[in-house]
Undergrad: 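Let me give you the structure first, and then I'll get to my questions.
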Amino acid sequence: MRFESSSRVPPLPGSDCRPEKPADSRGDGFAGGCISLIVLLIEVPVALLLGLTLVIRGWGRADEQTGAPTMDWVPVLWLGGFTLGVLVIAVVFLYSAHPFAGSVQLLIAAIVLIFTLAAWHVEYERAHPSPLPACPTRAGTPCVSSNLVTDR
């Protein structure tokens, strides 16, 4: 046990009394950059696979125009889950003292969040089309007749 004197004498310049921080308590820039690159190389194929499945899934509904379609939540939920996964990775990096890797993950999460909101907007616009204009309009454009009784 070390004895601390209670005198008010300042310590000498060479005798630093602060406790030593462990060498691994703060991540250096090189390690954070390497970790960020490795995680980025894992996330890119996952994002490409996600995009490919959403594109292939969207091909089947290109011909359906029978009525007002319901909102398809699958792209929004998949992209939202991917965004949440990237955010969890960012928080883990920031908590484990890798600020560079964490900030790169936060930037990627922000970009994926923009894609998630864009997918939601596209699906919302598809499920809620704008109403047709009332007749008479220009020739060749469809319109809604003022008489709602079916014409025979």
Side-chain angles (χ1 to χ4, degrees), residues 11 13 15-152:
S15 63
D16 194 11
C17 295
R18 288 179 284 168
E20 290 290 323
K21 289 171 73 174
D24 61 348
S25 69
R26 176 90 175 145
D28 60 347
F30 181 73
C34 289
I35 291 172
S36 180
L37 181 66
I38 290 170
V39 172
L40 189 66
L41 289 176
I42 293 171
E43 287 173 348
V44 166
V46 171
L48 289 175
L49 183 64
L50 180 67
L52 181 67
T53 56
L54 290 176
V55 166
I56 290 173
R57 195 173 174 278
W59 277 347
R61 58 179 191 193
D63 297 332
E64 67 180 48
Q65 297 291 332
T66 58
T70 60
M71 189 161 169
D72 186 13
W73 285 98
V74 173
V76 177
L77 292 175
W78 282 5
L79 287 170
F82 185 70
T83 305
L84 186 64
V86 173
L87 278 174
V88 166
I89 292 171
V91 168
V92 167
F93 281 153
L94 290 173
Y95 185 72
S96 66
H98 290 289
F100 180 75
S103 61
V104 168
Q105 293 300 311
L106 285 175
L107 180 66
I108 292 170
I111 292 169
V112 176
L113 182 63
I114 291 171
F115 280 112
T116 304
L117 291 174
W120 171 82
H121 183 69
V122 166
E123 290 300 323
Y124 182 83
E125 290 293 321
R126 188 180 70 82
H128 302 92
S130 60
L132 294 173
C135 291
T137 64
R138 291 178 281 166
T141 59
C143 64
V144 177
S145 65
S146 60
N147 186 4
L148 297 177
V149 180
T150 57
D151 297 331
R152 293 186 184 190

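Nothing here was measured: the structure is a model prediction, and the numbers come from that model. Along the sequence shown, residues carry numbers from 1. No hydrogens, no waters, no symmetry mates; every other heavy atom, side chains included, goes into these values.
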Undergrad: List the atom of Leu113, the atom of Thr83, and the distance in Å for their closest heavy-atom pair.
TA: N-OG1, 3.9 Å

Undergrad: Indicate the atoms forming the closest heavy-atom contact of Val46 with Phe82, along with that distance.
TA: CG1-CE1, 3.5 Å

Undergrad: What heavy-atom pair brings Leu87 and Ala109 nearest, and what distance separates the two atoms?
TA: CD2-CB, 3.7 Å

Undergrad: So which heavy atom on Ala90 is nearest to which on Gly102, and how close?
TA: CB-O, 3.7 Å

Undergrad: To check you understand the geometry: which heavy-atom pair defines the closest contact between Gln105 and Val86, and what is its length?
TA: O-CG1, 3.3 Å

Undergrad: Calculate, to the nearest 0.5 Å, the distance between atoms CD1 and OG1 belonging to Ile111 and Thr116 respectively.
TA: 12.0 Å

Undergrad: Do you know which two heavy atoms are closest between Val112 and Leu79, and how far apart they sit?
TA: CG1-O, 4.0 Å

Undergrad: Out of curiosity, Glu125 CD to Glu123 CD, how far, rounded to the nearest 0.5 Å?
TA: 11.0 Å

Undergrad: Would you say that Leu94 contacts Leu106 through its side chain, given a criterion of any heavy-atom pair below 4.5 Å between the two side chains?
TA: yes

Undergrad: Can you tell me how far CH2 of Trp73 sits from CH2 of Trp78, rounded to the nearest 0.5 angstrom?
TA: 16.0 Å

